[in-house]
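A short write-up of the structure that comes next.
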Amino acid sequence: MTATGDDKHYGHGPEEAAAPERKKPWPEKQKGPVLLRRDQVGTSTTDQRLLDTTGPTDWLHTDPWRVWRITSEFVEGFGALAELPAAISVFGSARTPVDSPEYAAGVAIGRALAEAGYAVITGGGPGAMEAANRGASDAGGLSVGLGIELPFEQGLNEFVDLGLNFRYFFVRKTMFVKYAQGFVVLPGGLGTLDELFEALTLVQTKKVTRFPVILFGSSYWGGLVEWLKNTLVAEGKAAPKDLELFHVTDDVDDVLKILEESRRPAGTEI
């Protein structure tokens with residue numbers, strides 16, 4: 001039987017069908033581009049929640065709000081570091097004693113980099129980071145510290161001239177790579193290894209180019225290098241050429257030489 005008048009209804013095809021029985025109206029609300037119906041419809045508006053200062057504060061801890069915090073950290077970092085001169089990121093343990101040879105090496109490296117015209121970027125903490133910042137500051141160079149919110153080892157050291165503190169590791173790590181022309185890695189722990197292998201992965205996958213990674217302290221890094229060679233490469237988990245992604249040295253002059261060579265256009269000879 002064919003429907004007529006107001007009861008006429010078309011389905012997916014050309015055939016006519018009886019109009020379905022109308023259901024009871026349900027609550028419906030448009031929230032920007034989002035359509036809400038039934039139980040999803042709230043009782044307040046966006047403007048009301050904005051202007052109601054006595055409202056709940058749970059929104060501060062939601063993922064959409066975190067996106068804006070992350071964005072703001074990138075904006076602050078890019079704005080603060082965009083006009084840095086050529087810079088080198090120096091990593092190392094926050095637990096390095098002030099009276100240790102490793103601390104002295106950090107001071108020497110920071111000083112040499114500053115004298116060569118580089119800004120020195122560290123994690124801004126104590127230990128090896130403080131040492132590199134101290135050397136750069138003593139030499140009159142620009143000493144930068146990029147701190148991170150942690151339950152321990154907090155606070156930028158006194159030798160930082162330009163400092164930023166970050167909530168998120170991945171934002172901070174982006175700054176270390178984006179505004180540096182290379183890494184110098186002093187003996188360090190898990191955080192130092194994290195930065196080291198992040199850099200090596202970026203170089204290996206050509207996300208960054210002409211980016212030297214220098215391990216300072218052959219006695220400390222020797223065991224890791226042997227493991228990479230005799231286990232990682234030997235078992236086919238990495239290519240032999242991946243061992244060329246980094247340099248190992250105990251000489252500050254070698255650090256400067258490696259950095260200088262990396263800045264030279266490809267194919268250029270002395």
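From a predicted model like this one, the values you see are computed outputs, not experimental measurements. When reading the values below, keep in mind they use all heavy atoms of this one structure, side chains included, and skip hydrogens, waters and symmetry mates.
- Taking all atoms of both residues into account, the shortest heavy-atom contact from G182 to I88 is O-CG2, 3.4 Å.
- A distance-only check finds no donor-acceptor pair linking the side chain of Y118 to the backbone of A136 [under 3.5 Å].
- Remark: K178 is positioned above the aromatic ring of F78, its terminal NZ or CZ atom under 6.0 angstrom from the ring centre and at most 45 degrees off the axis.
- At distances below 3.5 Å, at least one donor-acceptor pair connects side-chain atoms of S262 with backbone N or O atoms of L259.
- Across every non-hydrogen atom of P187 and T96, the tightest pair is O-OG1, 4.4 Å.
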Should F183 and V177 be marked as a side chain to side chain contact (heavy atoms under 4.5 Å, CB included) after you check the CA-CA gap, both sets of side-chain angles, and the distance that decides it?
CA-CA 8 Å; F183 282 0; V177 175; 3.7 Å; yes
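- Side-chain contact check for L146 versus F176: some heavy-atom pair is nearer than 4.5 Å.
- With rounding to the nearest 0.5 angstrom, the CZ atom of R111 is 9.0 Å from the CZ atom of R134.
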Please output the side-chain donor-acceptor pairs of residues 121-132 that fall under 3.5 Å, not counting sequence neighbours, one pair per line with the distance.
| from | atom 1 | to | atom 2 | distance (Å) |
| --- | --- | --- | --- | --- |
| T122 | OG1 | G124 | N | 2.8 |
| T122 | OG1 | N133 | OD1 | 2.6 |
| E130 | OE2 | Y103 | OH | 2.6 |

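- V160 and G145 make their closest contact through CG1-N, 3.5 Å (heavy atoms, listed as atom of the first residue, atom of the second, distance).
- The hydrophobic clustering, which links ILVMFWY residues whose side-chain heavy atoms are closer than 4.5 Å, places V255 and V107 apart.
- Not a single donor-acceptor pair under 3.5 Å links the side chain of S218 to the backbone N or O of D250.
- Hydrophobic clustering (ILVMFWY, side-chain heavy atoms < 4.5 Å, transitive): V120 and I214 are in one cluster.
- Looking at heavy atoms from C-beta onward, F166 lies in side-chain contact with M175 at the 4.5 angstrom threshold.
- Separation of atoms OG (S93) and CD (E102) is listed at 7.5 Å; rounding is to 0.5 Å.
- Note that CG of L81 is 10.5 Å distant from CD of E76, once rounded to the nearest 0.5 Å.
- Here the side chains of V90 and L186 are in contact, with some heavy-atom distance below 4.5 Å.
- Distance check, rounded to the nearest 0.5 Å: NZ of K207 to CD of E198 gives 12.0 Å.
- Counting only heavy atoms from C-beta outward, the side chains of K229 and L243 approach each other to under 4.5 Å.
- Side chain of S72 to main chain of R69: a donor-acceptor pair is present (N/O by atom type, distance under 3.5 Å, no hydrogens or angles).
- Inter-residue side-chain proximity for V203 and F246 is flagged as unmet; no heavy-atom pair is nearer than 4.5 Å.
- The two residues T192 and W221 make their nearest non-hydrogen contact at CG2-CH2, 4.3 Å.
- When hydrophobic clusters are built by joining Ile, Leu, Val, Met, Phe, Trp and Tyr residues whose side-chain heavy atoms come closer than 4.5 Å, directly or via intermediates, V98 is not grouped with I109.
- In this structure, S143 OG and N157 CG are separated by 6.5 Å, a value rounded to the nearest 0.5 Å.
- Follow the hydrophobic side-chain contacts under 4.5 Å out from F159 and you never reach V184; the two are in separate clusters.
- Residues D194 and L190 form no side-chain contact, since every pair of their non-hydrogen atoms from C-beta on lies 4.5 Å or further apart.
- In terms of heavy-atom proximity, A199 sits nearest to V213 at CB-CG2, 4.1 Å.
- A heavy-atom distance below 4.5 Å is found between the side chains of D242 and Q204.
- Within the 4.5 Å cutoff, the side chain of L202 has no heavy atoms near those of the F211 side chain.
- With rounding to the nearest 0.5 angstrom, the CZ atom of F74 is 4.5 Å from the OG1 atom of T174.
- Of all heavy-atom pairs spanning A112 and V252, the tightest one is CB-CG1, 3.5 Å.
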